[in-house]
Amino acid sequence: MADSSKEELLQLIKRFGAYITVKMSNLFSISFHNLDSRSVGAIAGLAVAIVFTWRLLRSPGGPQQRRPKRQAPTTSSSVVGTQSNSTLIPSGVRSSSEDLRAQNVVDEFFQPVKPTLGQIVRQKLSEGRKVTCRLLGVILEESVPEELQKQATVRSSVLEVLLEITKFCDLYLMERVLDDESEQKVLAALENAGFFTSGGLVKDKVLFCSTENGRSSFVRQLEPDWHIDTNPEIVSQLARFIKYQLHVSPIRPERTAANVFSSPSLEQFFGCM
């Protein structure tokens with residue numbers, strides 16, 4: 001009986017190892033370039049746990065078990081009953097059950113982990129370190145400078161994305177305005193939304209100009225890794241000078257260059273809607 005138990009344990013370990021091999025091959029098919037330090041640490045911890053468990057199970061004595069209580073001598077009828085019960089379970093059924101148990105253990109261990117918004121932002125921006133973005137139609141509800149003379153309203157759905165961007169990117173916001181009062185309305189709206197209290201954005205990085213060409217000039221001087229805009233002409237002009245661009249447009253435009261992406265909104269580009 002002891003030999004039979006050891007054989008079953010060995011078979012379970014082999015099946016467990018086979019499933020781990022499949023799962024690990026799928027896991028490591030992901031490019032290590034996209035893994036952050038937390039993911040690498042998790043993989044390293046998993047490898048250590050697997051090696052430790054394998055060495056423990058391979059030890060001569062195996063895991064120590066409690067000493068069984070002394071029992072009265074087994075009668076011949078009980079021995080016969082035990083043997084008859086064991087013969088009632090076909091070996092194929094036991095093997096299938098063990099396979100299922102091993103698969104369930106591995107599947108539960110390798111449940112996919114949903115990436116955080118910060119991880120998605122870093123991956124989408126290709127680890128870019130400087131981003132420029134216009135305000136109208138992207139961060140503000142208003143779409144033309146004339147509307148800023150009355151009010152400036154920050155889109156609540158974009159707040160979380162921008163705060164994540166400021167955690168690892170140098171972010172500059174810019175817009176064309178018609179007067180000084182419009183500038184004050186924009187700054188007040190950003191401040192009330194909490195942009196300047198997070199530590200990632202300062203008022204000096206909110207730039208204003210009087211023409212669309214002025215915004216284009218700002219971008220070229222700052223030389224960002226990414227520029228985000230709604231004006232197709234500016235996007236087209238900057239395609240030669242900026243590494244990547246995001247064209248925010250409710251209607252999917254034709255792709256003008258390989259380094260220009262499009263999305264109905266900034267938050268949808270990062271999968272937040």
Side-chain angles (χ1 to χ4, degrees), residues 29-40 115-140 143 154-155 157-176 186 190 195 198-273:
S29 64
I30 303 174
S31 173
F32 276 93
H33 178 72
N34 294 328
L35 291 178
D36 57 11
S37 58
R38 188 179 303 173
S39 300
V40 174
T116 64
L117 179 58
Q119 292 171 332
I120 295 174
V121 169
R122 286 193 292 271
Q123 182 180 16
K124 282 281 190 177
L125 295 182
S126 304
E127 301 295 337
R129 291 300 178 181
K130 184 183 290 186
V131 177
T132 55
C133 178
R134 82 165 303 179
L135 287 159
L136 287 173
V138 180
I139 299 172
L140 301 178
S143 57
V154 175
R155 302 175 66 242
S157 58
V158 81
L159 179 61
E160 188 177 4
V161 172
L162 284 179
L163 292 180
E164 285 295 337
I165 292 176
T166 60
K167 289 181 180 180
F168 67 96
C169 284
D170 197 12
L171 178 63
Y172 291 83
L173 305 180
M174 53 191 63
E175 193 48 67
R176 176 170 75 94
V186 170
L190 294 174
F195 278 99
S198 65
L201 183 67
V202 296
K203 291 184 178 181
D204 291 341
K205 293 182 180 180
V206 183
L207 311 176
F208 298 98
C209 56
S210 58
T211 64
E212 291 290 278
N213 287 335
R215 187 168 75 253
S216 179
S217 178
F218 280 155
V219 176
R220 291 190 60 179
Q221 291 177 20
L222 291 169
E223 297 182 342
D225 299 298
W226 278 83
H227 176 62
I228 305 166
D229 212 297
T230 61
N231 190 324
E233 294 182 2
I234 288 184
V235 170
S236 178
Q237 293 172 8
L238 294 175
R240 296 182 300 163
F241 307 102
I242 307 303
K243 188 175 182 180
Y244 300 109
Q245 287 191 94
L246 175 61
H247 182 193
V248 176
S249 173
I251 302 175
R252 187 178 183 87
E254 293 185 4
R255 194 166 185 178
T256 57
N259 61 339
V260 176
F261 303 87
S262 64
S263 176
S265 68
L266 181 63
E267 53 270 37
Q268 288 188 48
F269 180 68
F270 294 105
C272 297
M273 292 183 65

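Since the structure is predicted, the reported quantities are computational estimates derived from the model, not experimental observations.
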Side chains of [X] and [Y] in contact at under 4.5 Å (non-hydrogen atoms):
X      : Y      : answer
Phe168 : Arg122 : yes
Val248 : Ser263 : no
Arg129 : Glu127 : yes
Leu266 : Ile228 : yes
His247 : Pro232 : yes
Thr230 : Arg134 : yes
Phe218 : Cys209 : yes
Ser262 : Leu246 : no

Exercise. Could you walk me through whether Phe208 and Val186 pass the side chain to side chain contact (heavy atoms under 4.5 Å, CB included) check?
Worked result: CA-CA 10 Å; Phe208 298 98; Val186 170; 3.9 Å; yes
What is the distance from atom [atom1] of [X] to atom [atom2] of [Y], rounded to the nearest 0.5 Å?
X      : Y      : atom1 : atom2 : value
Leu140 : Arg155 : CG    : CZ    : 9.5 Å
Leu162 : Leu201 : CG    : CG    : 8.5 Å
Phe195 : Leu163 : CZ    : CG    : 6.0 Å
Gln245 : Ser236 : CD    : OG    : 8.5 Å

Problem set entry | Lys130 side chain vs Leu222 backbone, donor-acceptor pair below 3.5 Å |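 Yes.
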Exercise. Looking at Gln119 and Pro115, what are the two nearest heavy atoms and their distance?
Worked result: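 It is OE1-CA, 3.2 Å.
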For this session: Kindly determine whether Leu207 and Leu173 satisfy side chain to side chain contact (heavy atoms under 4.5 Å, CB included), including the steps that lead there.
Result: CA-CA 6 Å; Leu207 311 176; Leu173 305 180; over 6 Å; no
Problem set entry | Counterpart residues, side-chain contact (heavy atoms from CB on, under 4.5 Å), relative to Lys124 (two or more places apart) |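 In terms of side-chain contact (heavy atoms from CB on, under 4.5 Å), with neighbours along the sequence ignored, Lys124 is linked to Ile120, Phe269, Phe270.
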Problem set entry | Qualifying side chain to side chain donor-acceptor pair (under 3.5 Å) pairs with a residue from residues 207-227, counting only residues at least two apart or across chains |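 Only Thr132-His227, Arg176-Glu212, Glu212-Arg215, Glu212-Asn231, Arg215-Asp229, Ser217-Gln221, His227-Asp229 qualify under side chain to side chain donor-acceptor pair (under 3.5 Å).
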Exercise. Centre of Phe261's six-membered ring, under 6.0 Å away, within 45 degrees of the axis: is that where NZ or CZ of Arg255 sits?
Worked result: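 Yes; both conditions hold, so Arg255 lies above the ring face of Phe261.
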For this session: Please lay out, stage by stage, how Asn259 and Ile242 fare under the test side chain to side chain contact (heavy atoms under 4.5 Å, CB included).
Result: CA-CA 8 Å; Asn259 61 339; Ile242 307 303; 5.7 Å; no
